[in-house]
A.B. asks: 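Before I ask anything, let me first share the structure, which is written out below as structure tokens.
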2 protein chains.
Amino acid sequence: MSAAAPLRPRKAQIDRTATALFRAQGFAATSMRELATALGLEAGSLYSHIKSKEEILHRVCFGLADSFFAGFAAATHETAPVAEQLRQAIVAHVRVLTHDSAASAVFLHEWRHLSEPARREFLALRDRYEGAFRELIARGVAAGELHTPDPAFAALTLLASLNWLPNWYRPEGKLTPDEIAHRLAEQLLSGLWPHRGSTGPA
Amino acid sequence: MSAAAPLRPRKAQIDRTATALFRAQGFAATSMRELATALGLEAGSLYSHIKSKEEILHRVCFGLADSFFAGFAAATHETAPVAEQLRQAIVAHVRVLTHDSAASAVFLHEWRHLSEPARREFLALRDRYEGAFRELIARGVAAGELHTPDPAFAALTLLASLNWLPNWYRPEGKLTPDEIAHRLAEQLLSGLWPHRGSTGPA
DNA sequence: CCTACCGATCGGTAGG
DNA sequence: CCTACCGATCGGTAGG
């Protein structure tokens, strides 16, 4: 959760290029020689900047986790109505997903290639993040602002909808990230039945 | 979309075992030697049953596509109200996901390791399936049975929620597949706002 | 950052 | 279905 020290430029460039390759081909199917070629150098030279292939994956996965937690914390101020906090948490989550959709895709799909204990630590962080959404929804239900028979189920479904975004989001598309976020929030909060308006419960 | 000929038992066993490994470790990170060991034979022996590693992936991905299309077709009879057709399509989709969640996970995540032209054909099938949901939702909106500003967006979000299921579904869990399906349908149709009841629009 | 290389492992095949 | 093996490629290192 603490901010990581800034990376040296070359190291940051390696991470960025590797992230794009990991996203497109998967971690296991991406070779260090491919990565080196994409960076214009020889395979062996990578190891004067990094220790291992997995180190890159580790940094990407845990860096994104930091971003998601930071966004959630900033979005949920206890003074606002819970439903509004949830809406802001959705916006924050979507901002992270759209701001670095390649890293998000790696975060979402490639974490399983982390070896222990990093893999376990990663899953614990993910569970904690899901738990934060679950508790927010549960508080909304308790306050009568939200309705669902199962906040845990609702949290999973909500995050699933959001996390599909890196699969289709294109920065050059006609909707801005915040427009996408508000539309997602709208649909998840209001459902698909015809309803009485879009700004809150009746 | 046509039903595939039944596989010889050994071939079906190879597919099942490979599917479990592909799901757990990913296609690229699973070796044919691992697969052979899991089946109690030597690596070379696999090739008297199959032609290549990718052939297995191909069969799994396209077989699941067949199942999804068949379920959708059976669920959507023009005589029912569109909202009810959508609900049944959700149930059918969830049945496929839960009936073979390992194959579903491979279908959802490993298709990118198909080489051309199979990869392109697979994506065309997936697009067609998404399109069927999109058109169903659009018909519901036209009939006044559903509401959304963007049926394509709604279809993507709906399928994303459903497709997260293989990540957490456990056959030994307390909810049956049909209970899960109805709960998902309920949440996606009604949203999280407090509402007037769960069986349809007011 | 490169050259040269390590041992290990990969998907797949020949021949039986 | 096994034995024995192919060429290719893998992540990573030594030494400069």
Side-chain angles (χ1 to χ4, degrees), chain A residues 6-62 106 109-119 122, chain B residues 6-62 106 109-119 122:
Chain A
L7 298 180
R8 307 179 122 170
R10 194 54 155 168
K11 202 164 177 176
Q13 188 195 17
I14 290 172
D15 281 8
R16 269 198 312 278
T17 306
T19 298
L21 290 170
F22 292 169
R23 178 201 205 167
Q25 309 175 343
F27 175 80
T30 300
S31 75
M32 296 304 271
R33 280 156 180 82
E34 272 182 292
L35 173 57
T37 299
L39 289 160
L41 38 82
E42 298 301 317
S45 308
L46 287 168
Y47 291 90
S48 52
H49 300 284
I50 59 163
K51 278 183 318 194
S52 70
K53 186 184 179 185
E54 185 175 335
E55 182 200 308
I56 305 173
L57 180 64
H58 188 284
R59 214 164 23 245
V60 173
C61 288
F62 284 82
V106 171
H109 296 127
E110 304 300 328
W111 57 265
R112 68 160 115 216
H113 297 290
L114 292 168
S115 54
E116 300 295 356
R119 182 185 155 121
F122 177 86
Chain B
L7 298 180
R8 305 177 123 181
R10 195 52 156 170
K11 202 164 176 176
Q13 188 195 18
I14 291 173
D15 280 8
R16 271 198 312 278
T17 306
T19 298
L21 290 170
F22 292 169
R23 177 201 204 168
Q25 309 174 341
F27 176 80
T30 300
S31 74
M32 295 305 270
R33 281 156 181 82
E34 272 181 292
L35 174 57
T37 299
L39 288 161
L41 38 81
E42 298 302 315
S45 308
L46 287 169
Y47 292 89
S48 52
H49 301 284
I50 60 163
K51 279 183 317 193
S52 70
K53 186 184 180 187
E54 186 175 336
E55 181 201 309
I56 305 173
L57 180 64
H58 188 284
R59 218 170 14 249
V60 173
C61 288
F62 285 81
V106 171
H109 296 127
E110 305 300 328
W111 55 265
R112 69 161 112 215
H113 297 289
L114 293 168
S115 54
E116 300 295 357
R119 181 184 156 123
F122 177 86

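To find a chain, count down the sequence lines: A is the first, B the second, and so on, and within it residues start at 1.
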A.B. asks: For nucleotides 2-16 of chain C, read 5' to 3', which letter fits each nucleotide if B means a protein heavy atom sits under 4.0 Å from the base, S means only the sugar-phosphate is that close, and - means neither?
C.D. replies: BB------BBBB---
A.B. asks: Is a salt bridge present between B/E110 and A/R112, judged by a nitrogen-to-oxygen distance below 4.0 Å?
C.D. replies: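 Salt bridge flag = yes for A/R112 with B/E110.
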A.B. asks: So how far is it from A/L114 CG to A/H58 NE2, rounded to the nearest 0.5 Å?
C.D. replies: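 So the CG of A/L114 and the NE2 of A/H58 are separated by 6.5 Å.
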A.B. asks: Going by the rule side-chain hydrogen bond (donor to acceptor under 3.5 Å, both in side chains), which residues pair with B/T17 if we only count those two or more places apart in sequence or in a different chain?
C.D. replies: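 Not a single residue meets the side-chain hydrogen bond (donor to acceptor under 3.5 Å, both in side chains) criterion with B/T17.
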A.B. asks: Can you sort out the partners of B/E55 under side-chain hydrogen bond (donor to acceptor under 3.5 Å, both in side chains), two or more places apart, ordered by chain and number?
C.D. replies: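 With sequence neighbours excluded, B/E55 shows a side-chain hydrogen bond (donor to acceptor under 3.5 Å, both in side chains) to B/R59, given in chain and number order.
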A.B. asks: Give the stems involving DNA chain D, where a stem is 3 or more consecutive Watson-Crick or G-U wobble pairs (i with j, i+1 with j-1, and so on) under 3.5 Å.
C.D. replies: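 Paired runs of 3+ in DNA chain D: C:1-16 with D:1-16.
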A.B. asks: Strictly by modelled atom types, are B/Q13 and B/R16 linked by a side-chain donor-acceptor pair under 3.5 Å?
C.D. replies: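 The answer is no; no qualifying pair exists.
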A.B. asks: Which pairs pass salt bridge (Lys or Arg N to Asp or Glu O under 4.0 Å) with one or both residues in residues 30-52 of chain B, sequence neighbours excluded?
C.D. replies: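 For residues 30-52 of chain B, and leaving out neighbouring residues, there are no salt bridge (Lys or Arg N to Asp or Glu O under 4.0 Å) pairs at all.
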A.B. asks: Check ring-ring contact (aromatic ring centres under 6.0 Å, His included) between B/H49 and all other residues, then give those that pass, not counting sequence neighbours.
C.D. replies: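 Expected list: none.
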